[in-house]
Amino acid sequence: MSGILRSSSYPMKHGYPPQELLDDLCSRFVLNGPPEDLKSFERLLFLVEQAHWFYEDNSVENNPSLKSISLREFTSLMFSSCIQLRPYIAHIDDIYKDFNSYKVRVPVCGAIILDESYQRCLLVKGWKAGASWSFPRGKKAKDEEDHICAIREVLEETGFSVSILLKTDDHIEVTFGEQRMRLYIIAGVKEDTIFAPQTKKEISEISWFRLDELYTTGTDQTSRVSGGPKLYMVGPFLIRPLKTWISSHQPPSTHKSHTFPKATSVWKAKNNTTGGTATTESQPIRSVSETVQLPDTSPGNSFRSFRFDTSSILRAMDASFSAA
Ligand code: M7G
Ligand code: MG
């Protein structure tokens, strides 16, 4: 990348990414990101987050001298290393705080995947230590339609495409605080389906759970299956809305739920050291960002009392392209 993007003031510390690497990550993921994502810090930080995932999943993994760092620390390094971002380093705490509160307001879409008996559903477990089980789902990208987001997120987190099975009217929607969550009911998925996430270090395990076990956990945002697995945003979708849906639909198979174990793991990460129960990378067990249209309360394209000036980034990109 052009010397224009370089800076010499970044302090090198043992184990931390060197300037060259930060420059590369900054230009690939941030400066060359979609122009609309450079108009607000809330959106720009999603690009920094992608650079961070690349750092963690590729740079650290392929270079033992690099250490794993938090997104917060990585963001500070990016802002102090990249000259287009450096003018805002004094505001980094506020920028990061605003990003986190924006993140939880972005609508989320996903799927309740039911087996052929409609008596079990598929849940995924997050990667980090103490992570909960939840339906495969994730945040909408800019201008993305709900069902397209659901198909993309389910594919990323389970490796399974629900595009043919998805019916846009079959969904359950719940709003928690300022976040809207829509889950499409995908019914009749074969139990020998092979699942494996496409992203690294996001999902540590995938499992079928019996609905009758999940119904007992109540409707709180967080709950537990009889002292066992922790659940997040599962109960509120199940008890009334899903039960009602199931009672008016005929399953293709009439298995009895008591013949199923409480939970049947279908994929586990091999090298997960933080996710608790999980045991390298992908292993089927059996044969087996935005400015999403938010309400007016959204920070939108403005950030506190100043706007982000993208002209220097665009000039730097032009200069580097013409130099190439
Ligand atoms: P997300 O994509 O921010 O949430 O992922 P969403 O699916 O609800 O939209 C949730 C969490 O999973 C993140 O905060 C990360 O901790 C982790 N994660 C997600 N992805 C796609 C990756 C990835 O590619 N690499 C790593 N290391 N972690 C990820
Ligand atoms: Mg995701």
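In this chain, residues are counted from 1 in sequence order. For ligands, and for the atoms within them, numbers begin at 1 and follow the listed sequence. Because the structure is a prediction, the values reported are computed rather than measured.
To the nearest 0.5 Å, atom OH of residue Y102 and atom CZ of residue F41 are 14.0 Å apart.
At least one heavy atom of D57 sits closer than 4.0 Å to an atom of ligand 1. In this structure, R137 has a heavy atom closer than 4.0 Å to ligand 1.
In terms of polar-atom proximity, K128 is counted as a contact of ligand 1, with an N or O under 3.5 Å from an N or O of the ligand. Checking only distances, K200 does come within under 3.5 Å of ligand 1, N or O to N or O. Between E202 and ligand 1, at least one N/O pair is under 3.5 Å apart.
Taking the six-membered ring for Trp and the full ring otherwise, the centers of Y232 and W133 sit at least 6.0 Å from each other.
Compare Y55, W127, W53 by their heavy atoms: the one nearest to atom 15 (C) of ligand 1 is in W53.
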Under the side chain to side chain contact (heavy atoms under 4.5 Å, CB included) criterion, do Q179 and K103 qualify, and how do the steps go?
CA-CA 9 Å; Q179 188 164 50; K103 224 176 166 178; over 6 Å; no
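For Y55, the ring-ring contact (aromatic ring centres under 6.0 Å, His included) partners two or more places apart in sequence, or in a different chain, are F74. H171 meets the ring-ring contact (aromatic ring centres under 6.0 Å, His included) test with Y184; sequence neighbours excluded.
When the shell of 6.0 Å around CZ of R72 is examined, it contains more than 12 heavy atoms from other residues, nucleotides or ligands.
Close approach of ligand 1 to K139 is summarised as follows: ligand atoms under 4.0 Å from at least one heavy atom of the residue are 1 (P), 3 (O), 4 (O), 6 (P), 8 (O), 9 (O). Every atom of ligand 1 with a heavy atom of E157 under 4.0 Å away is listed here by number and element: 7 (O). The ligand atoms of ligand 1 that sit less than 4.0 angstrom from a heavy atom of G138 are 6 (P), 7 (O), 8 (O), 9 (O).
Between the side chains of Y16 and E73, at least one donor-acceptor pair of N or O atoms lies under 3.5 Å.
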